[in-house]
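Right, one structure below, let's go through it.
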2 protein chains.
Amino acid sequence: MIDEIDRRILMILQDNARTSNADIARAVAMAPSAVLERVRKLERKGVITGYEARIDPSKVELDLTAFTFVKTDEPVGAIDTGQQLAGVPGVQEVHYVAGTAAYLIKVRAPDTRSLADLLKVIGRLSTVRDTNTTVVLQTVKETGALPLGALPQPGE
Amino acid sequence: MIDEIDRRILMILQDNARTSNADIARAVAMAPSAVLERVRKLERKGVITGYEARIDPSKVELDLTAFTFVKTDEPVGAIDTGQQLAGVPGVQEVHYVAGTAAYLIKVRAPDTRSLADLLKVIGRLSTVRDTNTTVVLQTVKETGALPLGALPQPGE
DNA sequence: CCTGAAATTCGAGGCTT
DNA sequence: AAGCCTCGAATTTCAGG
């Protein structure tokens, strides 16, 4: 379904979504229009789901990152609460995780006061039992790029 | 430093990094070249740090997402271990978090076996004391887009 | 996957504040 | 100096073969 050339195109676009077709074409030794055709097909197949500009949070007054475990009352399998959490401004990610029915969410806020407000909004949702927040002090690495190349070897 | 037009441009590019200058120009009622000039300046100032293509993990055999707390021995303030963690293939994010000297990392793998391999590699790092992994069962929302618009209001 | 025409990019240069 | 505009050659993108 996805051949070696597609993988190389995906790696290039993950690294820089604005790489020109001409440059990609040179890298994979094809005509620019053929590259474009492959990219469009990858988009249609849902392999590429979009293109995002990455913004430095500190440059737009969003210095606070936090991860919050949200425990809920809802029946196992339902993700109603998840949808509600996803709709709260400042919530970047919502993952349903193993263990006690809970979500792990990633949150951005300008400061601790805003974070408190955000957690208050979440705490008010009817199915939310409690929350447990871990504040990030420093982010060493942060990328959406998937490991399309080599994965770690067991080693032994 | 960043005016209202810049904010609108950033919002558009966060949503779709490949939006043409012509389209952005229409949206903000300016000439395309002026938009380009602003984008270049935002890049130079470090506000825009890059452009990433988003790929559906399930379409490239990466169905497993996990968050792992990594406790270390290293002195407070050092992020040496963090750099090492960032270099492990499959590790997307590395955050130094409050509490006991620990990192929270986000990890991608094709399956549980690969995840185990990855955790084995991490466990072998000399400064790593132990790890605690939470596996994601379902991802409801996942975006790198920052909340540039409205943030949640306290409400009361 | 390649060729050719319409749309877009993005630099140069000029105008206004 | 800073910001926007118009203009035109290089590039991107789409239709068709």
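Only a predicted model underlies this, so the values are computations on that prediction, with no experimental measurement involved. Throughout, a chain's letter reflects where its sequence line sits, starting with A, and its residues are numbered from 1.
- Salt-bridge check for A:Glu142 with A:Lys106: passed, with a basic side-chain N closer than 4.0 Å to an acidic carboxylate O.
- Taking 3.5 Å as the limit, the base of D:dT6 and the side chain of B:Ser33 contain a donor-acceptor pair of atoms between them.
- Between A:Asp3 and A:Arg38 a salt bridge is recorded (basic side-chain N to carboxylate O distance below 4.0 Å).
- Here D:dT6 is the nucleotide among D:dT6, D:dT12, C:dC1 with the atom lying nearest to any side-chain atom of B:Ala31.
- Distance, B:Glu37 CD to C:dC15 C1': 14 Å, rounded to whole Å.
- Residue contacts for A:Arg40: at a heavy-atom cut-off of 4.0 Å it reaches the sugar-phosphate backbone alone, with no base atom in range.
- For the pair A:Leu36 CG and C:dA5 P, the computed distance is 19 Å after rounding to whole Å.
- As a whole-Å value, the separation of B:Tyr51 OH from C:dT9 C1' is 13 Å.
- Between the CZ atom of B:Arg38 and the C1' atom of C:dT9 there is a distance of 19 Å, given to the nearest Å.
- Between A:Arg44 atom CZ and D:dT13 atom C1' there is a gap of 14 Å when expressed in whole angstrom units.
- A salt bridge between B:Glu43 and B:Arg40 is present, with a side-chain N of the basic residue lying under 4.0 Å from a carboxylate O of the acidic one.
- Applying the 4.0 Å criterion to OP1 and OP2 of D:dT12, one finds that B:Ser20 has every side-chain N and O outside that range.
- Regarding A:Met30, its CE atom lies at a distance of 8 Å from the C1' atom of C:dC1, rounded to whole Å.
- Under a 4.0 Å N-O distance rule, the pair B:Asp117/B:Arg113 qualifies as a salt bridge.
- Spacing between atom CG of A:Asn21 and atom C1' of D:dA10 amounts to 14 Å, rounded to whole angstrom units.
- Comparing D:dT13, D:dG3, C:dC2 by their nearest atom to the side chain of B:Lys41 picks out D:dG3.
- Atom P of nucleotide D:dT11 and atom CZ of A:Arg18 are separated by 17 Å, given to the nearest angstrom.
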